[in-house]
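Contents: one structure, followed by commentary.
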Amino acid sequence: MPLDKNAYHKLERLFEAQVDRDKAHAIERVVEGWGIYLPCVEPESWVDYVIVGMEPSFGWANSIEAARKKVQEGFRNSSLSGRTLSGKESDTLSLFLLSIDRFLLQLGQTCHMTDLSKGAMPVAVAALDRDRRYEEWYPLLLEEIAIVGKPGAPVIAIGKQVKKFMQRHDLQRETGRPLYAVPHYSMQASASWKEEAEKAPGDFEAFETAEFGAGSCWAADLSPAKKQLVFAYRKQFEAIRAAGNGVHSD
């Protein structure tokens, strides 16, 4: 079904206003070099999955002015539909997006990638007032999910912090949508990737041989940790695709 563009664009204006409110809080006001609304790629129609991260990073611009210019020129937050991926990328975000395409989405399916809060900021700033920010953004996230997601489309949290926040609010009950979680693609979460591989060493060994051998579609220089990341995503995305309900632990 086509997306309600008017409702989505109205919500984007609310996103921009919330970013401005974020900047008015004392903790963030004293920190320079952040605070630009980074839009997501706008879906063309209802999606099969809504994937939710924490907040956009600010590593893609060296100043607020440069960031505004990039956004005006069409730069958007990370999304499958906003990137051209060959399979040979080795950064962890690309591996995450490639894993979505390879292990989660079936033919004809789509997803919408978004964040709990949508003001781009450095990691050090993001941690200053995250609880307050997430509480204020949560009602807008619920609106976004309702606008872009097909009825019953699952919500997938990226990382433990987003998962715990959504569980605390009982998003599954509130929206009537299955809630799942997968590990974050940050290298800081590498212990959880390793843990997933160590749960099933035989499966990981077979996966490693099949996926990363001669003629592999993946980058040739993937480290052991990044191979564990791809394995973790394969296991969890395939479980999400097959299960259809419940909360999948990360």
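Residue numbers start at 1 and run along the sequence shown. Everything numeric here is computed off the predicted structure, so don't read it as measured data.
Note: Lys194 NZ to Gln228 CD = 7.0 Å, rounded to the nearest 0.5 Å. The OG atom of Ser216 lies 8.5 Å from the NZ atom of Lys227; values are rounded to the nearest 0.5 Å. The distance from the CE atom of Met113 to the CD1 atom of Ile156 is 10.0 Å, given to the nearest 0.5 Å. Atom NE2 in His112 sits 13.5 Å away from atom CG in Asp48 (nearest 0.5 Å). One finds the CG atom of Leu171 at 14.0 Å from the NZ atom of Lys163 (value rounded to the nearest 0.5 Å). Atom-to-atom distance recorded for Leu222:CG and Ser90:OG is 6.5 Å, nearest 0.5 angstrom.
The aromatic rings of Phe96 and Tyr233 sit tilted, their planes meeting at an angle between 30° and 60°. Between Phe204 and Phe231, the ring planes lie perpendicular to each other; the angle is over 60°, past the 30° to 60° tilted range. The aromatic rings of His169 and Phe165 are tilted relative to each other, their planes meeting at an angle between 30° and 60°.
Annotation: side chain to side chain donor-acceptor pair (under 3.5 Å) contacts of Trp137 (sequence neighbours excluded): Asp22. Evaluation of the side chain to side chain donor-acceptor pair (under 3.5 Å) rule for Arg68 yields no partner, not counting sequence neighbours. For Glu44, the salt bridge (charged side-chain N to carboxylate O under 4.0 Å, His left out) partners two or more places apart in sequence, or in a different chain, are Lys5. Under the side chain to side chain donor-acceptor pair (under 3.5 Å) criterion, Gln106 pairs with no residue at all, not counting sequence neighbours. Here Arg173 pairs with Asp170 under the side chain to side chain donor-acceptor pair (under 3.5 Å) rule; sequence neighbours left out.
Between Glu135 and Arg168 there is a salt bridge, since at least one side-chain N of the basic residue sits less than 4.0 Å from a carboxylate O of the acidic one. Residues Glu73 and Lys69 are paired through a salt bridge, judged by an N-O separation under 4.0 Å between the basic side chain and the carboxylate.
In terms of heavy atoms, Val41 sits closest to Arg76 at CG2-CB, 3.7 Å. Nearest heavy-atom pair across Trp46 and Pro151 is CZ3-CD, 3.3 Å.
Residues Tyr8 and Cys40 have side chains in contact (heavy-atom distance under 4.5 Å, counting atoms from C-beta outward).
No close placement of the Tyr180 and Tyr49 rings is indicated, their centers lying 6.0 Å or farther apart.
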Go through the steps to decide whether Glu42 and His9 satisfy the test side-chain hydrogen bond (donor to acceptor under 3.5 Å, both in side chains), and finish with yes or no. CA-CA 9 Å; Glu42 182 179 315; His9 295 160; 2.9 Å; yes
task: Kindly determine whether Gln172 and Arg177 satisfy side chain to side chain contact (heavy atoms under 4.5 Å, CB included), including the steps that lead there.
output: CA-CA 5 Å; Gln172 185 165 326; Arg177 300 171 183 274; over 6 Å; no
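Residues Tyr37 and Glu12 bring a donor and an acceptor atom of their side chains to less than 3.5 Å of each other.
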Kindly list each side-chain donor-acceptor pair under 3.5 angstrom involving residues 117-124, sequence neighbours excluded, with atom names and distances?
unit_1: Ser117; atom_1: OG; unit_2: Arg133; atom_2: NH1; d: 2.7
unit_1: Lys118; atom_1: NZ; unit_2: Thr114; atom_2: OG1; d: 3.2
unit_1: Lys118; atom_1: NZ; unit_2: Asp115; atom_2: O; d: 2.7
unit_1: Lys118; atom_1: NZ; unit_2: Glu144; atom_2: OE1; d: 3.0

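Within 6.0 Å of CD on Glu205 lie no more than 12 heavy atoms contributed by other residues, nucleotides or ligands.
In terms of modelled atom types and a separation under 3.5 Å, the side chain of Arg102 and the main chain of Arg234 share no donor-acceptor contact.
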